[in-house]
Undergrad: 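Dropping a structure here in structure tokens format, bear with me for questions.
Side-chain atoms are counted along with the backbone in the values below, which use heavy atoms only and exclude waters and symmetry mates. Lettering follows sequence order; numbering is per chain, from 1.
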Protein chains: 2
Amino acid sequence: MLCVSCEARHRGVCGALTPEQLTTLAAQSIKHKATEGDELVGDAVQIHRYSNLLSGVVKLSKTLSDGRQQIVGLQFAPDFVGRPFSKESTLTAQAATDVDLCSFSRGAVERMMAQQPDLEHRLLRQTLKELDQARDWMVTLGRKTASEKMASFLLMIATNLDPAADATQRSATFDLPLLRGDIADFLGLTIETVSRQLTRLRTTGIIRIENNRHVIVDDLSRLRTCAGD
Amino acid sequence: MLCVSCEARHRGVCGALTPEQLTTLAAQSIKHKATEGDELVGDAVQIHRYSNLLSGVVKLSKTLSDGRQQIVGLQFAPDFVGRPFSKESTLTAQAATDVDLCSFSRGAVERMMAQQPDLEHRLLRQTLKELDQARDWMVTLGRKTASEKMASFLLMIATNLDPAADATQRSATFDLPLLRGDIADFLGLTIETVSRQLTRLRTTGIIRIENNRHVIVDDLSRLRTCAGD
DNA sequence: CGTGCCCTTGACCGAAATCAAGGTGGGTGG
DNA sequence: CCACCCACCTTGATTTCGGTCAAGGGCACG
């Protein structure tokens, strides 16, 4: 319940709240963990809870009737998980890695929003951020080649998971939060193509991979060259 | 200045405003027209104005450094055009058809937002709607075949341009708001593939086309079958 | 009557999908 | 402890869908 030390308090939506409101909300919040693969929001799981993502990665995906799948977004701490005002979300949110969450009931969040317009303001900002990201990714899906897609993906992960990589940092290191199949579903490719592109980047010396998960990028600018934009 | 009869007053963001606020805003608003191809927001055009789209279609697009283009969204009346709180929008908004707009200065909108939280609430809802649409389209871009993409596009246009088509309506009629090249940029295809898919749908009897622009769908359910979801 | 833009159609090509074998590593049960 | 299994990944051969290249048609406009 120590909101003061919580990341969502500083960079997330909870920053909108006054100390009293935080106390109220904290009393109604539940910190809990979910493990890789757990469904957080979906057709099955009704949307009665909203959460702040405190650690780990959440994947948002959609599935066509014949089983084809597309991951439409990734969320990182301290993102807000859950679709406000949703009729039905045709979207599934799953833990991509083990995650820590801080959850609230729908009612609690909506009461807070009513008395604290700044909360809605922060939600608007997060939603705009996600919209920008979604549109950027549409360019990747619609107009980039397989190798450009792969490079774009690695850069995206690097900037989110290696705290130092977003600056003018030269190198980056991180664990891939997704399996090959999920990467394929995110990039609109097959698992084989993902695998081939990774080995291509590896044999070119642009990345190194250890244990199939751990990636080292020695020169981010070379990777940026591959990404196409 | 007759906000009372304006569509944005009823279904758009202006519905958030009190009569007095409407009067204030109306005094600062400018109704104007733009013709096909005009750039409304972009790297060139600074973002000092926000607009309500009163009629016509606006296309939002992004361009890679080598010229590849992707249309990342279409807007229809009474959508709100312009990115609030934007640093720089890497996005270009262009009139896809001739359009009517009702524009406000950035300052006016921000003042309104400060005193009228409901305005921000409506913006949040529109943004969430656009986010949902963007994510739906990501599935189309990443996982659908050329013919499924074409069918999805026609359905999308039909539901937005033929007022009757969204219900359980059986047929639809509309003018394509985009040239073949723009359709290609929206679907992540080439102009030739778009052309071929259209003739395929035409020869199958699923659609009829007059004057290269006017489309008649006699049986929407057949088209839906083609769309894949 | 030319000229240019937009669209269509055909022939060919190539990037990524599909199909098909392995390889690797971690976990389990004998 | 070892053998087996299973999930995940890689690699190769072949196919296919959509891209590229090329030609020509229709129509508006000067």
Side-chain angles (χ1 to χ4, degrees), chain A residues 35-37 59 64 66-71 94 96-98 140-154 175-204 207-215 226 228, chain B residues 35-37 59 64 66-70 96-98 140-154 175-204 207-215 226 228:
Chain A
T35 52
E36 186 187 327
K59 63 185 187 200
L64 295 176
D66 63 0
R68 280 175 287 176
Q69 208 183 20
Q70 176 69 46
I71 292 182
Q94 262 187 308
T97 63
D98 291 352
T140 301
L141 289 173
R143 287 305 183 197
K144 290 191 186 172
T145 65
S147 49
E148 288 169 334
K149 285 179 178 180
M150 197 66 237
S152 304
F153 173 72
L154 292 174
D175 283 331
L176 287 173
L178 301 181
L179 299 176
R180 300 294 189 270
D182 283 334
I183 299 178
D185 284 343
F186 194 30
L187 294 173
L189 299 171
T190 61
I191 190 172
E192 294 95 332
T193 302
V194 167
S195 182
R196 281 189 249 270
Q197 292 306 327
L198 278 174
T199 50
R200 217 187 102 277
L201 286 170
R202 193 157 35 71
T203 54
T204 329
I207 62 172
R208 283 178 286 147
I209 304 182
E210 289 166 5
N211 303 325
N212 267 345
R213 294 226 116 192
H214 191 69
V215 177
C226 300
Chain B
T35 52
E36 185 187 325
K59 61 184 188 202
L64 295 176
D66 63 0
R68 280 175 289 176
Q69 209 182 21
Q70 176 68 46
T97 63
D98 292 351
T140 301
L141 289 174
R143 286 303 183 200
K144 290 191 187 172
T145 65
S147 49
E148 288 170 335
K149 286 179 177 180
M150 196 66 236
S152 304
F153 173 72
L154 292 174
D175 282 331
L176 288 173
L178 300 181
L179 298 177
R180 300 293 188 272
D182 283 334
I183 299 178
D185 284 343
F186 194 30
L187 295 173
L189 298 170
T190 60
I191 189 171
E192 293 95 332
T193 302
V194 167
S195 182
R196 280 189 251 269
Q197 293 305 327
L198 278 174
T199 50
R200 216 187 103 277
L201 286 170
R202 193 155 38 70
T203 54
T204 326
I207 61 172
R208 283 179 285 147
I209 305 182
E210 289 165 6
N211 303 323
N212 268 345
R213 294 227 116 191
H214 191 69
V215 176
C226 301

Undergrad: Whether B/Thr199 contacts C/dT9 is assessed here as follows: a side-chain N or O lying under 4.0 Å from the phosphate OP1 or OP2. Is that the case?
TA: yes

Undergrad: Taking side chain as C-beta onward, heavy atoms only, is B/Phe153 less than 4.5 Å from B/Leu176?
TA: yes

Undergrad: Are the side chain of B/Glu36 and the backbone N or O of B/Asp98 linked by a donor-acceptor pair below 3.5 Å?
TA: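 Answer holds: no.
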
Undergrad: Please report the distance, rounded to the nearest Å, between CZ in A/Arg213 and C1' in C/dG26.
TA: 14 Å

Undergrad: C/dA20 C1' sits how many Å from A/Ile191 CD1, rounded?
TA: 15 Å

Undergrad: Verify, without hydrogens or angle tests, whether A/Ser195 (side chain) and A/Ile191 (backbone) share a donor-acceptor contact under 3.5 angstrom.
TA: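 No, the answer is negative, given that no donor and acceptor are paired below the 3.5 Å cut-off.
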
Undergrad: Separation of A/Asn211 atom CG from D/dC9 atom P, in whole Å?
TA: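 Computing the A/Asn211:CG to D/dC9:P distance gives 12 Å.
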
Undergrad: What is the separation between atom CG on B/Leu187 and atom C1' on D/dG19, rounded to the nearest whole Å?
TA: 15 Å

Undergrad: Among the candidates C/dA16, D/dG18, C/dT9, find the nucleotide nearest to the side-chain atoms of B/Thr145.
TA: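 Of all the options, the side chain of B/Thr145 is nearest to D/dG18.
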
Undergrad: Return the 5'-most residue of the pair B/Gln197, A/Gly181 with respect to DNA chain D, ranking by each residue's nearest nucleotide.
TA: A/Gly181

Undergrad: With rounding to the nearest 0.5 Å, note down the distance linking OG1 in A/Thr97 to CZ in A/Arg213.
TA: 8.5 Å

Undergrad: Tell me which nucleotide among C/dT9, D/dT20, D/dC9 gets nearest to the side chain of A/Leu179.
TA: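 For A/Leu179, the side-chain atoms sit closest to D/dC9.
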
Undergrad: Answer yes or no: is there a donor N or O on one side and an acceptor on the other, between the side chain of B/Arg143 and the main chain of A/Arg68, under 3.5 Å?
TA: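 Looks like no, no N/O pair under 3.5 Å.
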
Undergrad: Nearest to the side chain of A/Arg202, which nucleotide is it out of D/dC9, D/dT11, D/dG19?
TA: D/dT11

Undergrad: The side chain of A/Glu192 is closest to which nucleotide in this list: D/dT11, D/dG19, C/dA16?
TA: D/dT11

Undergrad: Counting only side-chain nitrogens and oxygens, does B/Asn212 get under 4.0 Å of the OP1 or OP2 atom of D/dC27?
TA: no

Undergrad: Between P on C/dT8 and CG on B/Leu198, what's the gap in Å once rounded to a whole number?
TA: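 Result: 6 Å.
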
Undergrad: In this structure, how many angstroms lie between the C1' atom of D/dG19 and the NZ atom of B/Lys149, rounded?
TA: 12 Å

Undergrad: What about B/Arg196: does its side chain form a donor-acceptor pair under 3.5 Å with the base of D/dT20?
TA: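 Present.
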
Undergrad: For C/dA16, take OP1 and OP2 only and decide whether either is under 4.0 Å from a side-chain N or O of A/Thr193.
TA: no

Undergrad: If I take atom CZ in residue B/Arg200 and atom C1' in nucleotide D/dG18, what distance separates them, rounded to the nearest angstrom?
TA: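 Atom CZ in B/Arg200 sits about 13 Å away from atom C1' in D/dG18.
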
Undergrad: Indicate whether OP1 or OP2 belonging to D/dC8 is found under 4.0 Å from a side-chain N or O atom of A/Arg180.
TA: no

Undergrad: Tell me the interatomic distance from B/Leu189, atom CG, to C/dC7, atom C1', rounded to whole angstroms.
TA: 16 Å

Undergrad: OP1, OP2 of C/dT18 versus side-chain N and O of A/Thr190: anything below 4.0 Å?
TA: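 Checking C/dT18 against A/Thr190, no side-chain N or O comes under 4.0 Å of OP1 or OP2.
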
